[in-house]
Amino acid sequence: MRSDGILGNREGSGRKRVRRRERWLVAMGIVLHAVYMLSIFDIYFKTPIVHGLDPVTPRFAAPAKRLVLLVADGLRADKFFELDTDGNHRAPFLRGIIEKQGRWGVSHARPPTESRPGHVAIIAGFYEDPSAVTKGWKANPVEFDSVFNRSRHTISFGSPDIVPIFCGALQHTTWDTYPHEYEDFATDASFLDMWSLDKFQSLLNRSREDPKLKELLQQDNLVVFLHLLGCDSNGHAHRPYSSIYLNNVKVVDHVAESVYNLVQDYFKDNRTAYIFTADHGMSDKGSHGDGHPSNTDTPLVAWGAGVKYPRPISSSNHSDCGFKFVDDHVHDAPTPAEWGLHEIERVDVNQADIAPLMSTLLGLPCPVNSVGSLPLDYLNMPKADEVEAILSNTKEILNQFLRKSYIKQLNSLYFKPFKPLSHYSSMLEKIEGLISAGNYDAAMDLSQNLRTLALQGLHYFQTYDWLMLMSVITLGYVGWMIYLVLHVLQSYTSLPGNTFEMEQAVQKNNRGKIYLYGSMVTGMLCLLLLLEQSPPLYHAYMIMTTFLWIQIISEYQFIKTLWKHLSGRRVNYIIKLLVIATISVFILEFLVNSFTERKLYTWCFLIAGATASFYLFKSFPWRSGIPIFVCIACWFLSLFTLMPAEIPDNNQLVVSSGVIIIIIGITARWLELHVGSRKYWQSICNFKLKSSNFSSLFYLQALLVALSSGMVYLSTVHRTEKRELLASHQLINWFVAGLSMVLPLFSETSLLSRLTSIFLGFAPPFLLLSIGYEAIFYAALALVLMAWILFENTLLNLNVVNKSSDSTKSVTNHLFHGSDNRSLQLSDVRIPLVFMVLFNVAFFGTGNFASIASFEISSVYRFITIFSPFLMAALLIFKLFIPFMLVICAFSAITKLNQVPRLGCYFLVILFSDVMTIHFFFLVRNTGSWMEIGNSISHFGIMSAQVVFVLLLFALTNTYTKDIQCNSTVPLTRKAN
């Protein structure tokens, strides 16, 4: 019998060799994707910090003797500036400063809009060392300079997550933090701001009796930093439009007013400069991290010594409208009318510009790693001092460029310099000449131009190795995909067995030479990298890529056999192969586009539901409700990708979904007991089973689902009433979630019973981690997975009917030697493709997984309310993994139903995933807004990681699915063998 394509059957050598090779292939796949995923850190997440730099001593008098920095963590610009519902100012003191005493604007943050990156930008002047992402944005993976380092003394009070970053290793500092236990999302966190104020007030009071402390406070170059966490904690817990958050804005204003009065009364010299700002904003759903304006727009208010007074807005004081900030917002954007500030000049800055502003006010050198541009519109200085301040800022950035250029030239065999700055020394001489001649305007323009070129040069050397790395990684992914195809064809197909075996002997003799020459080439490439002192990961990328291509070349005899096989096939077969390949690529491209447009899934399931039900209507020789069920299930799931990615709170919907889940479980149980005797259902049901133990288990699981729904209601009510989560509720939630996931292991082993038990088993933890419509999504996804199983079961029954007249030999030709699985056929490609679609729906069905802000932290409040980032993140990730586990369990059941090798299908899933991965690799952007750049990188990271955690989920779900038994009709035919 002619097979259904290349993907047929081959009775090759023993299965032990194949299993050994597959274990090696899986291990290599994990290592390869882990290594290649790290390439984004070398390309886009490379640390901007360079060491060995000398500070640039300023040549101007310090306008201020001391500086007070107030950072309101998580304070949105709009909530700070806008008037309340009664037309009053939320921050009356700071509003008075804006109108009468200082300057104001919006500070534009760059994603990731998290606390550590924001504070690093404000205090150190650069946009975070991205390698800190591996340490939760908290530890210091690379030491860096900051305004605090340059100060004579720094006083700091605030959060234990922020203050130690800048003061922990600093000798000339006085600091304190409150315990982590204070960061409780179940309470009003505004008391944290008052704690910082009380600490500062206590310090001033203590200095009146402590001469040494008083002497320290009277020194110049003093910095006072108060970190105010209240808005961030209340924004997470209660949302930024809640009365608690908005009241916290008033608390922050009170803290600013109190600090100002304390400092003015204590020093009485008007030599203090004040900066009030925020590290990031807060989205409407109480999260932050991405580049949405609600997260990137933060308030900035400056006043005191060295700061200009307010100025009415006019056409003459508008800057270049073509300039864009780091969050891609245009310069001189219109001020919202509801802020009531359209008559006062607004001066927006990039967040990193605040560091050189603070350094200039204190007359200190800018932090040596700062990339911020000094905002002159805030400074009240003589023209000569303004030029000197700009030149100092320019020289500091230029020094970084020269250091990076020197390091790269020192280690490069072929160095390509940044040509626009090849004559930087003559530009500096010209600036000095203009200053000496008193031509300050020309000197300032030339200084700013040199600073712009220096920033461009920094970016040039930051991406110097970009082309080489992209080429190596791309070749590596292509080689991996080709090698996967070769393995699937060798291990799971019916290519001419005799030809393959005869050519194996020839191939073994030539492999030694290929490996030898390949090792020599790899060694030469690594030697070149070694001479250039490239990082160790560069060697890893090169070794992985060359190793894969050596493996491909060593299979040249098999490739020749494959070519001969394809050349000898009929044209119809080649056309069929190309059509299936085209459809596969179309589906994968659809999935790629779905990362940016979730609504595509709506059309996908509307069309899939109609098409599948039409096919089933035509295929069933008897009347059945299955086609209608398949259509309704697909159409029901299509609704969820039309819903907002920001999941709104709906406690009643979560409780109701528990009832829906129980109804689905009861329906599945009824099918198992009453229709399992019918021919169609025999492969997925075990109607003969009447054990009371399994019935009791089902009732217990249903009871746990009901209990979890009740606990959702009780826990939410307690939190809504601003009461702490009761310890008894917390204990019950943990117990119900843990017990329910163990029970499916003891359920009946028929396909429908086991999958129903798994569905009910993971429902309680998912419900307890849900806050809105995602709980209904869980039920809808389960219905579509059941529809997929019923569709595959229909195809299986039709194939059995159609092939019942074929000879026994035609059946056994599709069986592995010594295995119960048949070999893959070309038509089996549909299984991993459908899996890919459903797996990605599990990603995006209830949100935008690619956005950091899509993680809804309130989901974990029924298990924990005390701030614990790693435990909270673990619970969030577990919640996201539950739908994936349902999909993989259904996938495993279908491979058993169709008797195809699950590992072979897994390799096809990897292959399809990597087609998407390499596409995303090319879509990674280094231009445009940082939000677009960040999203493109996260898409690549998601797909790279997907290959690894799919394998982990396969291993985990195998615990639940390995005992599934399908009463297939195919083994009956096999017995004749």
Note, L588 side chain near H919 side chain (heavy atom, < 4.5 Å)
no

Would you please name every residue forming a side-chain hydrogen bond (donor to acceptor under 3.5 Å, both in side chains) with S892, sequence neighbours left out?
R902

For the side chain of Q400 and the backbone of V368, is there at least one donor-acceptor N/O pair under 3.5 Å apart?
yes

Measure the shortest side-chain to side-chain distance between V887 and V841 over non-hydrogen atoms and say whether it is less than 4.5 angstrom.
no

Residues at least two apart in sequence or cross-chain that pass side-chain hydrogen bond (donor to acceptor under 3.5 Å, both in side chains) with T957, listed by chain then number, are none

Between E555 and Q551, do the side chains contain a donor N or O and an acceptor N or O under 3.5 Å apart?
no

Decide yes or no on side-chain contact (heavy atoms from CB on, under 4.5 Å) for M37 and T917, but give the supporting numbers first.
CA-CA 10 Å; M37 191 162 57; T917 301; over 6 Å; no

Does any non-hydrogen side-chain atom of N399 lie less than 4.5 Å from one of D54?
no

Going by ring pair (Phe, Tyr, Trp, His ring centres under 6.0 Å), name the residues that satisfy it together with Y541, two or more places apart in sequence or in a different chain.
none

Name each donor-acceptor pair under 3.5 Å that joins a side chain in residues 903-915 to protein atoms two or more places apart or in another chain, with its distance.
residue	atom	partner	partner atom	Å
S913	OG	V909	O	2.8
D914	OD1	H33	NE2	2.7
D914	OD2	H33	NE2	3.1
D914	OD2	W480	NE1	2.6

Can you list everything that forms a salt bridge (Lys or Arg N to Asp or Glu O under 4.0 Å) with K395? Sequence neighbours excluded, please.
E432

Atom CG in L562, atom CZ in F558: separation rounded to 0.5 Å?
5.5 Å

Residue list, side chain to side chain contact (heavy atoms under 4.5 Å, CB included) with P535, at least two apart or on another chain:
Y538

Would you find a donor on one side and an acceptor on the other, under 3.5 Å apart, between the side chain of T546 and the backbone of I543?
yes

Counting only heavy atoms not in W563 (residues, nucleotides, ligands), do more than 12 fall under 6.0 Å from its CH2?
no

Among all residues two or more places apart in sequence or in another chain, which pass the salt bridge (Lys or Arg N to Asp or Glu O under 4.0 Å) test with R23?
none

Give the C-alpha distance, both sets of side-chain angles, the deciding distance and a yes or no for side-chain contact (heavy atoms from CB on, under 4.5 Å) between I552 and I559.
CA-CA 9 Å; I552 292 169; I559 296 173; 4.3 Å; yes

Which residues pass the side chain to side chain contact (heavy atoms under 4.5 Å, CB included) test with L475, not counting sequence neighbours?
T545, W549

Kindly compute the distance separating CG (L453) from CD1 (I397), expressed to the nearest 0.5 Å.
11.5 Å

Sequence neighbours excluded, the answer for side chain to side chain contact (heavy atoms under 4.5 Å, CB included) partners of V585 is E589

How far apart are the C-alpha atoms of H119 and I165, what are their side-chain angles, what is the distance that settles it, and do they pass the side-chain contact (heavy atoms from CB on, under 4.5 Å) test?
CA-CA 9 Å; H119 282 87; I165 293 175; over 6 Å; no

Applying side chain to side chain contact (heavy atoms under 4.5 Å, CB included), can you list everything that pairs with A124, at least two apart in sequence or on another chain?
V120, F126, F144, S146

Report the C-alpha separation of F921 and M470 in whole Å, then their side-chain angles, then the decisive distance to 0.1 Å, and conclude whether the side-chain contact (heavy atoms from CB on, under 4.5 Å) test is met.
CA-CA 8 Å; F921 194 64; M470 290 285 284; 3.4 Å; yes

Any chance you could measure D465, atom CG, to E532, atom CD, to the nearest 0.5 Å?
7.5 Å

Using ring pair (Phe, Tyr, Trp, His ring centres under 6.0 Å) as the criterion, list what pairs up with Y464, not counting sequence neighbours.
Y460, F461

Any side-chain heavy atom of F891 sitting closer than 4.5 Å to one from F839?
no

F835: which of T895, I888, N840 passes side chain to side chain contact (heavy atoms under 4.5 Å, CB included)
I888

Please name all residues satisfying ring pair (Phe, Tyr, Trp, His ring centres under 6.0 Å) with F590, sequence neighbours left out, ordered by chain then number.
Y601

Q557 vs K560 side-chain heavy atoms within contact, under 4.5 Å:
yes

